[in-house]
Structure formats: structure tokens, C-alpha cells
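Residue numbers run from 1 in the order of the sequence given. Start at 1 and go down the list; that is how both ligands and their atoms are numbered.
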Amino acid sequence: MTKHCYKELPEGYEKIFEVDAKKTKTAVLMNVFALVLTIIMAAILILIVFKNNFHIVIGTDLLIIMLVLLVSLVLYMVLHELTHGILYKIMTKEKLKFGLTFSCAYCGVPNLYVDKKTALLALLAPFTVFSIVFLVPLIVFATTGNDLMSLFFILMFSIHFGGCIGDLYDTYLLLFKFKGEIYVKDDGAKQEFFQKNK
Ligand SMILES: [Zn+2]
């Protein structure tokens, strides 16, 4: 335990909100928004990178790239959750919980109330790290005219961007919706938010 977290909810705090990806409605909404966000991002990037001359040959090269994409996405999912985990570990020194629901992979620190700073760092770490990891090669391949590799990184970045919807939604809540001191209990699939009583 560190000064950034408590085993018991600090006195004077009450639960104000929860986001539970194990609830069907939340899971469906999250996935629909993730898909829409992915498609919009991919469309924007394809327009920027390829302008009017998108000429990818449908053949073995494209098939190989798509297979690499599938493997990369599985690896990405694991690394994304590990990145949440690294930040949670540094900030809390507590035991982590990793898991998979029918609709998403997750990482959390169960039965622990973490402060706003810890929650924000853990939430935003994968978004920040993997945006750089995918955008830098995209820029390199786009400027050198490698269309196939550009497409690969456009798809990786767009799926990553859409897939971060849950993290970005929680971040929005913490930064703009809930004012003052907040503690978050994150068991991975479910985040509960606690605010100090007025
Ligand atoms: Zn995440």
C-alpha cells in the first residue's frame, strides 16, 4: 500500500457512480461506440494518408498483413492490460487482477480505493503509449509511400483508439464530470467512483 490508496473507503466518501462492463447494456454500448470510433478514425486516417490514390492490390501480401494484424491485436490486448497493470503496481504496490469478460479484457486492483491521480495515470497509460507506438511507424510508412504497411498501422491505431473507449470514458468522468476529491475502486471490469460528502 502507498499513500495513493486505501483498503477501506476513507471517511466521508460516498459512491456516486459506477461503470460495469459485466452488465450487458454497458458492454453492448461500449462495443458499439468502440466500433463507431474505430471506423471514423480509420476513415479519417485513410483519407489523410492515401488522399485520392488508395491503390492496394488484393493478394497474398494483403492476406499476410491481415493475418499479422490478427496476431498483433491479440498481443496488443495483452500489452494494453499489462500497461494498466504496471501503473497500478507502481502507484499502489498491491496485487493486480487480470481477466476477460465476453466483451473485453481488463486489469484492476480489487478491494482497493485509489486516488484520482492513480486512476488517471493507470487509465491513460495504454492510450498514450500505444498511440505513439502505432502513430510513429504510420507517419514513417506514409511519408515513404509504403501503402500496405501504412494500412496496417492505420488499422492498428484505429482499433486501439476505439478499444480505449472505456478508459477514455472513465477519464472524461474523472476530469470533467466529478469535481473535487474522488476515489476509484477498479476491479477491472467494474469501476466505482466515490466522492467526498459536501
Ligand atoms: Zn484499457
>> Restricting to side-chain hydrogen bond (donor to acceptor under 3.5 Å, both in side chains), what partner residues turn up for Glu181, sequence neighbours left out?
In response: Tyr13

> Within less than 2.8 Å of the Zn ion (ligand 1), any N, O or S from His80?
Replying inline: yes

>> At a threshold of 2.8 Å, where the distance has to be below it, does the Zn ion (ligand 1) have an N, O or S atom of His84 nearby?
In response: yes

> What orientation do His84 and His80 show, parallel under 30°, tilted 30 to 60°, or perpendicular over 60°?
Replying inline: perpendicular

> Name of the Asp167 N, O or S atom nearest the Zn ion (ligand 1)?
Replying inline: OD2

>> Looking only at side-chain N and O atoms, does Thr118 offer a donor or acceptor that is under 3.5 Å from a partner on Asp115?
In response: yes

> Val71: which other cluster members, linking ILVMFWY side chains closer than 4.5 Å, directly or transitively?
Replying inline: none

